[in-house]
There are 2 protein chains.
Amino acid sequence: MAMNTTLKAIADPVRRKILELLKHQSYSAGEIAQQFDLRQATVSYHLKLLKQAGLISERREKNFIYYDLNASVFEEVLRWLYSLGVKGDD
Amino acid sequence: MAMNTTLKAIADPVRRKILELLKHQSYSAGEIAQQFDLRQATVSYHLKLLKQAGLISERREKNFIYYDLNASVFEEVLRWLYSLGVKGDD
DNA sequence: AACCTATTTAGATACTTTTCTAAATAGCTG
DNA sequence: CAGCTATTTAGAAAAGTATCTAAATAGGTT
């Protein structure tokens, strides 16, 4: 089940871009929303799905909510890919 | 775009199971369909998506169509995962 | 407390995906 | 070629997902 949630989470380009943004630093929900031509409520919905998948975590500071990437959740996906015979580093 | 197609393809449990089945040997469309509680037409639809994603290839023999896994397509996904900082083999 | 700003939640709508049934195709085999 | 088997395609219905607007919450600030 975890795997399904993870893969569904990254099967959307908006959510992948959010993860990429968070690679180097945290951003608030508002800062993330600015990167898209979408309403804040919509971005908030994507953040919720990423959070549910465990791919990001949130942290309140002042009245902002900052998001952080948690890439370790991908390890299961990685193992699955390897199990199918994908060859590792190239 | 390729990435999006690949990730959408594996974001479905039926399609993931098809890939797993094909890991060790080829199977015909009918043999694959038998593994699921779904109509053959439905499985055929999933096979079409996997084919479009380049994850499987087909090969006619008699009047069967056999499918083969092509895991190399996953390399792009793997690179993306690594780029996010997922640590490799554990 | 009243207000302001950041963000989420609720509910509606639009779009996409999955599944089904029925019909079509494609290639053997007698 | 007529019939058989395997599979796909077309079209409709059902289910799931993404987006929007409007309203609610939550926490600072004065």
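Here is the naming used below: chain letters follow the sequence lines, and residue numbers restart at 1 for every chain. Please read all numbers here as calculations on a predicted model, not as lab measurements.
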Give B:Tyr66 one of three labels, base, sugar-phosphate or nothing, depending on what nucleic acid heavy atoms sit under 4.0 Å from its own.
-> nothing
Map B:Thr42 and A:Gln40 onto DNA chain D by nearest heavy atom, then report which one ends up closer to the 5' terminus.
-> B:Thr42
If you measure from CG on B:Asn70 to CG on B:Leu22, what distance do you get to the nearest 0.5 Å?
-> 11.0 Å
Whole angstrom value for the distance that separates P of C:dT16 from OH of B:Tyr45 = 12 Å
Do other residues, nucleotides or ligands put more than 12 heavy atoms under 6.0 Å from the CZ atom of A:Arg39?
-> no
Please list residues of residues 10-39 of chain B whose heavy atoms come under 4.0 Å from any atom in DNA chain C, ordered by number; otherwise none.
-> B:Asp12, B:Arg15, B:Leu38, B:Arg39
Measuring from B:Ile56:CD1 to B:Ser26:OG, what's the distance to the nearest 0.5 Å?
-> 10.5 Å
Using atom types as modelled and distance alone, determine if a side-chain donor or acceptor of A:Arg59 lies under 3.5 Å from a backbone N or O of A:Tyr66.
-> no
What is the distance from CD of B:Glu58 to C1' of C:dT25, rounded to the nearest Å?
-> 14 Å
Thinking salt bridges, do A:Glu58 and A:Arg60 make one under a 4.0 Å N-O criterion?
-> no
Taking OP1 and OP2 of C:dT17, is either one under 4.0 Å from a side-chain nitrogen or oxygen of B:His46?
-> no
Counting distance only, does the side-chain N/O of A:Lys17 pair as donor-acceptor with the main-chain N or O of A:Gln35 below 3.5 Å?
-> yes
Just by modelled atom types, is the B:Ser83 backbone N or O under 3.5 Å from a matching donor or acceptor in the A:Lys23 side chain?
-> yes
Between CZ of A:Phe74 and OH of B:Tyr82, what distance do you get to the nearest 0.5 Å?
-> 13.0 Å
When B:Ala41 and A:Ile65 are each assigned the nearest nucleotide of DNA chain C, the 5'-most assignment goes to A:Ile65
Look for any protein N or O under 3.5 Å of an N or O in nucleotides 28-30 of chain C and output each such pair with its distance, or none.
{"residue": "C:dC28", "atom": "OP1", "partner": "B:Lys62", "partner atom": "O", "Å": "3.3"}
{"residue": "C:dT29", "atom": "OP1", "partner": "B:Lys62", "partner atom": "NZ", "Å": "3.0"}

Under 3.5 Å donor-acceptor, B:Thr42 side chain and B:Leu38 backbone | no
Counting only N and O atoms by type, is there a donor-acceptor contact under 3.5 Å from the side chain of A:Arg16 to the main-chain atoms of A:Ala9?
-> no
Between which nucleotides of DNA chain D, read 5' to 3', does contact with chain B run, using atoms under 4.0 Å from its heavy atoms?
-> D:dT5 to D:dT9
Say whether A:Glu31 and A:Ser28, considering side chains only, have a donor N or O and an acceptor N or O under 3.5 Å apart.
-> yes
Just how far, in rounded Å, is P of C:dT5 from CZ of A:Arg60?
-> 16 Å
